[in-house]
Amino acid sequence: MTPASLFQKMKSSIKAEWKAAFLAAVIIGLLVHMPIMLSDIPNHDGLDSIYFDQNMITSGRWFLMIACGFSSFYALPWVIGVLGLIFLGIAAAAVTEILEVRKIWAAAAIGGLFVSFPSMASTFAYVFTLDGYMLGLLLAVLSVLFTCKYKWGFLPGAVCLAFSLGTYQAYLPFAMILSIFCVWKIAAKETPVKERILEILHYLYMGVGGTALYYLLLQILLKIQGKELASYQGINEMTAGSAADAGLLQSIYRMYRDFFAFTIKGKVLFHNSISAAAVLVLFAAVLVTFAATMLRRKWWKNALFLSIMVLTLAVLPLAANVILLISPSVTYHLLMRYQWVLFFLGAVAFLSNREEGKGSLCGQYVALAAAAVLILFYGVTDNIGYSNLQKKYEKTYAYCLRLLDRIEQTEGYYPGIPVTMIGVVGNEQFPTTDVTADVTANMIGLGGDYLLYTGPNYELFLKNYLGATLNFLPADSMAEMYYDERYVEMESFPGANSIKIIDGVMYIKTENVNR
């Protein structure tokens, strides 16, 4: 087969809805995320990741180094962004196949929602690891696709899930919710009960097998590298049984509470009356269509379907928040909540797949209109976040330029003098000017006024963006001086005595005066 005939065969085998989902994801992704892709603006973590080998095995991410290696280990927003959108586009196409979406408009809506959901903007804020995370997301989707499409697909599905977890564990809920959607489809069939149960069990095999393979490879690689799991985000609790120690019922209660608190009050799924109306109308249409379909197909006589629906609906919030069960002390930020987009994708797919008729046609228009409103709304939200990130950088640059000038003008300063500081920015001297808080409050990496939270943040910004290398001492060097009267009496920057040289060490006070 010649290359030309090979490409022709591949082209003919690609379904129209796959193309629609992929192209919508890439094109809308470029329209929404172009500001961050064409900039080189770090967030607080990005200051330390201009070059980063992504060896995060102590956080359980043993495949991240390879997943991020395609774009090199440099923070290259355009290259990483394009790769990430390609992975997202393929994942969106795979989701249309899993959900059996056969209408072009629905596939395009799924692609658009896939890339515009605000969790994606937070991920773009951590652009140095974006392509690896998107590959991890694609692997999570493929784990379900293989299980869904092939008799023994749970075997390659388990491998895909293991490598997805080895890239970023937060995409486990994505695979779980997508699997629940597949279970609903199976339960609604009219095949023998035993046959349906055996098919449903394939998703359990995939999940258990993938998790076990991930953990086995993690332990092997930890031993090879002579490392242990870090305490960051409670990742070491995977083996410590902390969920059981905290109390299973209490953990489950926390998972339900967090699910509904984020969904209703998280200020991410909707911010204003228009977006809230789009969400309400979309899911109202789903409920009406589901009730009509249940009556028409007599699902109420299908005991297996009803029992599975009740069980999985009760479990759905737990699946979305399963990370809280694995690691109860985790800080559950927006990067880890991408699975919420599946509720919108599932709604669009369900309404687009109903039988033809006036009711079905009405549901399709509702789905199309709601998806269009949400894509527009989410795209605007993402760009509000990017605008604030740009302002954070500009304010940080101006602040550090003033600080560096003061440091170098301080009597007794010389290149290489030991420097130590707490690292925060006092809000008494520099009050909050961020006007996006109502929108970006929960968008980690995009909210706030400055990129500076620690002494190392200052050191890296001064070094990489102002070209000044200062001799910063370790953070614990402030431990004794912090309560010393000489430090307490200092003003906070830009106060006249906010910088002092005491016993040969330059102390810089940037926190509030009344601490």
Side-chain angles (χ1 to χ4, degrees), residues 29-50 75-78 80-81 84 115-130 266-268 271-272 275 333-335 376-406 421-468 492-494 508 510-512:
L30 287 173
L31 291 174
V32 171
H33 303 294
M34 188 76 78
I36 199 72
M37 292 172 62
L38 292 179
S39 304
D40 190 4
I41 307 173
N43 65 2
H44 55 284
D45 276 358
L47 293 173
D48 196 24
S49 303
I50 293 176
L76 306 172
W78 175 255
I80 293 173
V115 295
S116 61
F117 192 66
S119 181
M120 194 53 58
S122 278
T123 308
F124 265 92
Y126 294 83
V127 70
F128 55 90
T129 194
L130 170 82
K267 294 186 177 181
V268 171
H271 281 297
N272 54 35
S275 56
H333 52 66
L334 191 58
L335 261 72
L376 174 62
F377 163 74
Y378 290 148
V380 171
T381 298
D382 296 345
N383 277 270
I384 291 172
Y386 295 149
S387 175
N388 189 62
L389 182 59
Q390 172 73 41
K391 292 177 176 63
K392 285 175 65 174
Y393 169 79
E394 298 289 354
K395 284 183 280 191
T396 301
Y397 188 94
Y399 176 89
C400 286
L401 192 63
R402 295 172 61 189
L403 179 63
L404 178 61
D405 181 67
R406 179 73 67 83
M421 63 192 303
I422 295 295
V424 296
V425 177
N427 56 22
E428 292 179 355
Q429 292 71 36
F430 298 92
T432 299
T433 59
D434 173 19
V435 297
T436 70
D438 286 343
V439 178
T440 61
N442 288 325
M443 297 178 71
I444 186 171
L446 296 170
D449 272 295
Y450 296 94
L451 304 176
L452 309 169
Y453 300 98
T454 66
N457 285 157
Y458 278 89
E459 180 180 7
L460 291 165
F461 194 92
L462 290 169
K463 176 182 177 181
N464 294 321
Y465 293 91
L466 294 179
S492 181
F493 182 77
I508 306 172
T510 57
E511 58 183 333
N512 290 330

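These numbers come from a predicted model, not from an experiment.
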Self-check item: Beyond-backbone contact of Asp382 with Met443, side-chain heavy atoms, under 4.5 angstrom
Solution: yes
Practice problem: With the side chain counted from C-beta on, respond yes when Asp48 and Leu460 share a heavy-atom pair under 4.5 Å apart, and no when they do not. | Solution: yes
Quiz item: Are Ile50 and Pro42 close enough that some pair of their side-chain heavy atoms sits under 4.5 Å apart?
Solution: no
Quiz item: How far does CD1 of Ile41 sit from OH of Tyr397, to the nearest 0.5 angstrom?
Solution: 14.0 Å
Quiz item: side-chain hydrogen bond (donor to acceptor under 3.5 Å, both in side chains) with Asn272: which residues, sequence neighbours excluded?
Solution: Ser275
Quiz item: How about Thr436 and Ile384: do any of their side-chain heavy atoms sit closer than 4.5 Å?
Solution: yes
Self-check item: Qualifying residues under side-chain hydrogen bond (donor to acceptor under 3.5 Å, both in side chains), relative to Asn427, sequence neighbours excluded
Solution: Asn512
Quiz item: With Tyr378, which residues qualify under side-chain hydrogen bond (donor to acceptor under 3.5 Å, both in side chains), at least two apart?
Solution: none
Quiz item: Roughly how far, to the nearest 0.5 Å, is CG of Asp438 from NE2 of His271?
Solution: 8.5 Å
Exercise. Determine whether Phe430 and Pro494 make a side-chain contact, defined as any pair of heavy atoms from C-beta on separated by less than 4.5 Å.
Key: yes
Quiz item: Can you tell me if Thr123 uses its side chain to pair, donor with acceptor, with the backbone of Leu130 under 3.5 Å?
Solution: no
Exercise. Go through the steps for Ile444 and Leu335 under the test side chain to side chain contact (heavy atoms under 4.5 Å, CB included), then give the verdict.
Key: CA-CA 7 Å; Ile444 186 171; Leu335 261 72; 3.6 Å; yes
Quiz item: For the residue pair Leu401 and Leu466, what are the closest heavy atoms and their distance?
Solution: N-CD1, 3.8 Å
Practice problem: Decide side chain to side chain contact (heavy atoms under 4.5 Å, CB included) for Met34 and Trp78; before the verdict, give the C-alpha distance in whole Å, the side-chain angles of both, and the deciding distance to 0.1 Å. | Solution: CA-CA 9 Å; Met34 188 76 78; Trp78 175 255; 3.6 Å; yes
Quiz item: Does a side-chain heavy-atom distance below 4.5 Å link Leu452 with Val424?
Solution: no
Quiz item: What pair of heavy atoms forms the shortest contact from Met37 to Leu30, and how long is it?
Solution: CE-CD2, 3.8 Å
Quiz item: Hey, what do you get for OH (Tyr126) to CZ (Phe128), rounding to the nearest 0.5 Å?
Solution: 7.5 Å
Quiz item: In Å, rounded to the nearest 0.5 Å, how long is the span from CD1 of Ile80 to OG1 of Thr129?
Solution: 8.5 Å
Quiz item: Can you tell me how far CG of Leu451 sits from CD of Glu394, rounded to the nearest 0.5 angstrom?
Solution: 10.5 Å
Quiz item: Measuring from Asn43:CG to Ile36:CD1, what's the distance to the nearest 0.5 Å?
Solution: 8.5 Å
Quiz item: So, do Phe493 and Gln429 sit near enough that their side-chain heavy atoms are less than 4.5 Å apart?
Solution: no
Practice problem: Go through the structure and list residues passing salt bridge (Lys or Arg N to Asp or Glu O under 4.0 Å) with Lys395, not counting sequence neighbours. | Solution: Asp449
Exercise. Output every pair passing side-chain hydrogen bond (donor to acceptor under 3.5 Å, both in side chains) with a member in residues 453-462, not counting sequence neighbours, ordered by first then second residue.
Key: Tyr399-Tyr458, Thr454-Asn457
Self-check item: Check: Ser492 side chain, Glu511 main-chain N or O, donor-acceptor pair, under 3.5 Å
Solution: yes
Quiz prompt | Asp434 vs Asn388, side chain to side chain contact (heavy atoms under 4.5 Å, CB included): CA-CA, chis, key distance, verdict | solution = CA-CA 7 Å; Asp434 173 19; Asn388 189 62; 2.9 Å; yes
Practice problem: State whether the side chain of Ser39 and the backbone N or O of Pro35 hold a donor-acceptor pair below 3.5 Å, judged by distance alone. | Solution: yes
Quiz item: Closest approach of Ser119 and Leu334, non-hydrogen atoms and distance?
Solution: OG-O, 2.7 Å
Quiz prompt | Nearest non-hydrogen partners of Ser49 and Ala75, listed with the distance | solution = O-CB, 3.7 Å
Quiz prompt | Sequence-distant partners of Phe461, ring pair (Phe, Tyr, Trp, His ring centres under 6.0 Å), two or more places apart | solution = Tyr393, Tyr465
Quiz prompt | Closest non-hydrogen atom pair, Val115 against Gly29 | solution = CG2-N, 3.6 Å
Quiz item: Does a side-chain heavy-atom distance below 4.5 Å link His33 with Met120?
Solution: yes
Quiz prompt | Candidate pair Thr396 and Lys392, rule side-chain hydrogen bond (donor to acceptor under 3.5 Å, both in side chains), full reasoning | solution = CA-CA 6 Å; Thr396 301; Lys392 285 175 65 174; over 6 Å; no
